[in-house]
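Following: one structure in C-alpha cells, then a few remarks.
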Amino acid sequence: MSEKKIKWGFIGCGEVTKHKSGPAFQKVESSEVIAVMSRDGAKAKAYAQERGIPKWYNDAQELIDDEDVNAIYIATPPSSHATYAIMAMKAGKPVYIEKPMAVTYEECCRINRISNETGVPCFVAYYRRYLPYFLKVKELVENGTIGNIINIQIRFAQPPRDLDYNKENLPWRVQPDIAGGGYFYDLAPHQIDLLQDMFGCILEANGYKVTHDSDHPQGEVAVINTCGFIGDAKEESINMILEFCQAKEEGRLKKLYVMGCLSERYLKDLQMEIPQVDKFYGKFNWNELLADLGKAYHSEFAIERHLTTPKHYAYLKISEGCDRKCSYCAIPIITGRHISRPMEEIIDEVKLLVSEGVKEFQIIAQELTYYGVDLYKSQKLPELIERIANVPGVEWIRLHYAYPAHFPEELFRVMREHDNVCKYMDIALQHISDNMLNKMRRHVSKAETYELIEKFRREVPGIHLRTTLMVGHPGETEEDFEELKEFVKKVRFDRMGAFAYSEEEGTFAAKEYEDSISHEVKQQRLDELMALQQEIAGELSQTKIGKEFKVIIDRKEGDYYIGRTQFDSPEVDPEVLIKADDEYLKIGEFYKVKITAADDFDLYASIL
C-alpha cells in the first residue's frame, strides 16, 4: 500500500477547542492540521496562529476545496454536521465528526446514502468511544484506500471491539426501517414547493417512500398539502381531499392527513365537515405530524431537501410571512408577520443544493424586498443576492414576488454586474389607478409605479418584467379598468398574469367593502385584459426571431426538447421548443440556440 500523510482541515475550530479532553482530539492535534475554518474569521485566524496552522477560512466550502486538505474534521454546532459532511464527501474527502450526541439517526441515514453513492467514508462518533473511528479514517487516508461504508454508532449502541470494516461484515450498519409507503400530494403553487421538499426529506429519512403524484395515488399513507390563498385554490384543495376520502372509504388508503394553508386557516371547520381525514395540521406542524406517524422531527434538517422539481433547479424561500396589509390579501392572516431567514443559513442551503446538482435558483418569498428588515434592521436583499451569485456553481438566480413600494434600488447594480442574476423581475403591481391603489392599501402611487418601471428598464437593460394584476376589487369603476388597460398597453409587460378579486374572510376588504361587482363583470374584465396581454406577448415573441439565447433544458416532451431562457421561470412563462430528432440534448444542461419561429407564448429554436 502506498503511504499518504493525513492533512486535516478543521471545520468549526471554535467548537473543537471544547473537546480537548477527548482522545481523538488529542490524536488529531498531533497530526498535521493545515487549515481551520470558523464563520467568525477572526476566531479562525487566532486559532490558526496560536497553533502554527498555515491556513484559515470563514467559509466551509473554501476549506473543503483546498487541494492540500485530504480529510475533514467537523466539530460545528449540530445543525451543520450533515451539511458539511455531505459537501466534503462529494469532494472526495473522508470525514470525521466528533461531538457527543450531535448527529441524529435521521442524519446518519442521509450521510450513509451519500457515502454509498460517492464511495467516500464518513465516521460519526457518539458519546465516548471516539478514538477507534478517528484511527480508521486516518488509516484510510494514509494507505490510500477509500471504502464506501460509514462507521456509525446508533444512539448509545456500541459496535463490537473486533469490528471488521469490510461492508459485508457490518450487520449493525444504519438501515432505516421501512414503515410502509408514504405519499405526499400538494395543491399549492411555488411558495409551497420547498416546504414539501424539506418535509419529503424528513419523511424519507424516517423510512418512508415519498412520491408526488395526485393523479395515481398509491401506498398506505397520504399527506395532502393545501393552499388557502384564493377561492379557486381552496376549491381545488377541498375537491382533492374529498377524492382521497373516497379512496380511504374504499380501502385503498389507510391513513389520510391534511396540512398547509387551508387547514391552518379553517382547522375547526374542516374537522367538523370532513371527519374522514385522520387529522388536520397547520402549515408548519411537521413535528406534530411526524410524531403521529411514530417518528421525530429534527431541526438539523432545516436545509435538507427532497426536490420535487427537476434536479437542476430549486425554489429557495428566503422569508416567511408578510407585514404588508393589502386590503384583499389573506397571507398575513395565514402565515403571520414577516420573518427573514438568517443569511448564513440560506447560503449554506445554496451550497448544499449546488453540491447536489442544482444550477438554477428561483428566489421566493411572500414579500421579497422586505428581506432582512426584521433581522438586520435594513433591507438586505441586494446583499443576499450578491452573496448567492458569488457561490461557485450557481448559474441562474431568478427573483419572484417583489413589492413596488420602497424597492431596494441597490439591487439594480447587483443585476447589472452579475451575469448569473437573471435579468428578470416578478413584481406584483395589482393595479395602476390611484383610486384602486388606495383602496387596495398598496402604499404606492400611479406616478411612483411608472417611475419604478422606468428605472428597471434604464438601470438593467434588457430586463424582462413579470407582473400580476387584479380586476374586480370593490370600488373598481369602468374608468379604473380602462386606466388599467391603458397601463398594460403602454408598459408592454414581457410576462403578465391576472386574476379576479375573490373576497377572503378576515381581510380588510371583506370587513370594510361590499363585494358589489358581479362575477360576470369580473370575468369579462379578466378575459379582456388577458386577451390584450396575449396580443402583446405575441408581438414581443416575434421580435426574438433570429436572436441567440442561452437555454436550459427541462425535459423532453413528444418530438421536442423543452427549454427556457433566463427570462422564463418554470411552469408560468414561455418555453423554448427544440426539435428532438435534430439533436441529442441532456436534461439540465445549458445550450446556445437561435430562435427560428414564435407563437403567442412559446419560441422555437435550433441548436448552434
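We count residues from 1, following the sequence as given.
- Here the side chain of Ser340 pairs a donor or acceptor atom with the backbone of Gly372 at under 3.5 angstrom.
- Taking CD of Glu410 as the reference point, atom NZ of Lys380 lies at 10.5 Å (rounded to 0.5 Å).
- Shown here is Lys550, whose NZ atom has more than 12 heavy atoms of other residues, nucleotides or ligands within 6.0 Å.
- The pair Glu356-Lys311 does not count as a salt bridge, with every side-chain nitrogen at least 4.0 angstrom from each carboxylate oxygen.
- In this structure a side-chain-to-backbone donor-acceptor pair under 3.5 Å is present from Lys359 to Gly588.
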Can you check side chain to side chain contact (heavy atoms under 4.5 Å, CB included) on Tyr370 and Tyr403, steps first, answer last? CA-CA 8 Å; Tyr370 199 76; Tyr403 193 85; over 6 Å; no
Under the criterion side chain to side chain contact (heavy atoms under 4.5 Å, CB included), I'd like the reasoning laid out for Thr565 against Asp573: C-alpha separation, chi angles, the key distance, then a yes or no. CA-CA 10 Å; Thr565 72; Asp573 287 332; over 6 Å; no
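- By the ring-ring contact (aromatic ring centres under 6.0 Å, His included) test, Trp56 is found to be paired with no residue, residues two or more places apart in sequence or in another chain being considered.
- Although no hydrogens or angles enter the test, the distance criterion places no donor-acceptor pair under 3.5 Å between the side chain of Lys423 and the main chain of Val460.
- The structure places CG of Leu411 at 8.0 Å from CG of Leu368, a figure rounded to the nearest 0.5 Å.
- With sequence neighbours left out, Asn420 forms a side chain to side chain contact (heavy atoms under 4.5 Å, CB included) with Ala389, Val394, His418.
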Can you check side chain to side chain contact (heavy atoms under 4.5 Å, CB included) on Met37 and Gln61, steps first, answer last? CA-CA 10 Å; Met37 172 269 169; Gln61 188 66 60; over 6 Å; no
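- Considering only heavy atoms from C-beta on, Tyr424 comes within 4.5 Å of His400 through its side chain.
- No donor-acceptor pair under 3.5 Å is formed between the side chain of Glu395 and the backbone N or O of Glu360.
- Annotation for Ile53 and Val33: closest pair CG2-O, 3.6 Å, computed over non-hydrogen atoms.
- Each of Val421, Ile397, Asp426 was scored for a side-chain contact (heavy atoms from CB on, under 4.5 Å) with Ile363, with one residue passing: Ile397.
- In this structure, Met343 and Glu383 approach most closely via the heavy-atom pair SD-OE2, 3.8 Å.
- Phe567 and Gly462 make their closest contact through CE2-O, 3.6 Å (heavy atoms, listed as atom of the first residue, atom of the second, distance).
- The shortest side-chain heavy-atom distance between Val576 and Ile553 does not fall under the 4.5 Å cut-off.
- Using a 4.5 Å heavy-atom threshold, the side chains of Ser569 and Arg466 count as separate.
- Inter-residue side-chain proximity for Asp66 and Tyr57 is flagged as met; some heavy-atom pair is nearer than 4.5 Å.
- A salt bridge is absent between Lys317 and Glu349: the closest approach of a Lys/Arg side-chain nitrogen to an acidic carboxylate oxygen does not fall below 4.0 angstrom.
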Report the C-alpha separation of Asp323 and Glu367 in whole Å, then their side-chain angles, then the decisive distance to 0.1 Å, and conclude whether the side chain to side chain contact (heavy atoms under 4.5 Å, CB included) test is met. CA-CA 8 Å; Asp323 285 359; Glu367 212 286 60; over 6 Å; no
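- Taking CD1 of Ile318 as the start and CD1 of Ile339 as the end, the distance is 13.5 Å to the nearest 0.5 Å.
- The two residues Ile587 and Tyr561 make their nearest non-hydrogen contact at CD1-CD2, 4.5 Å.
- Of the charged side-chain nitrogens involved, none lies within less than 4.0 Å of a carboxylate oxygen, so that Arg564 and Glu571 do not count as a salt-bridged pair.
- A distance of 11.0 Å separates CZ in Phe10 from CD1 in Ile72, rounded to the nearest 0.5 Å.
- The pair Arg341-Glu320 does not count as a salt bridge, with every side-chain nitrogen at least 4.0 angstrom from each carboxylate oxygen.
- Contact annotation: the side chain of Val354 approaches that of Phe361 to within less than 4.5 Å [non-hydrogen atoms, C-beta and beyond].
- When side chains are defined from C-beta on, Ile346 counts as touching Tyr371, because their heavy atoms get closer than 4.5 Å.
- Side-chain contact between Val223 and Met259: present, with at least one pair of heavy atoms (C-beta onward) separated by less than 4.5 Å.
- Remark: the His464 side chain and the Asp568 side chain contain no N/O donor-acceptor pair separated by less than 3.5 Å.
- Between Trp8 and Tyr73, the ring planes are perpendicular. Angles over 60° get that label, and only those under 30° would be called parallel.
- Between the CG atom of Leu399 and the CE atom of Met415 there is a distance of 5.5 Å, given to the nearest 0.5 Å.
- Judged by distance alone, the side chain of Gln379 and the main-chain N or O of His406 form a donor-acceptor pair under 3.5 Å.
- Between Val414 and Pro382, the shortest heavy-atom contact is CG2-O, 3.7 Å.
- Taking 4.5 Å as the limit, some side-chain heavy atom of Ile64 sits within range of a side-chain heavy atom of Ile11.
- Across every non-hydrogen atom of Leu381 and Thr369, the tightest pair is CD2-CA, 4.1 Å.
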If you apply the rule ring pair (Phe, Tyr, Trp, His ring centres under 6.0 Å), what do you find for Phe407 with Phe456, and how did you get there? CA-CA 11 Å; Phe407 188 88; Phe456 267 117; 4.9 Å; yes
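- Using a 4.0 Å cut-off between charged nitrogen and carboxylate oxygen, Lys55 and Asp68 count as a salt-bridge pair.
- Under the 6.0 Å distance and 45° angle rule, Arg398 does not count as a cation-pi partner of Tyr313.
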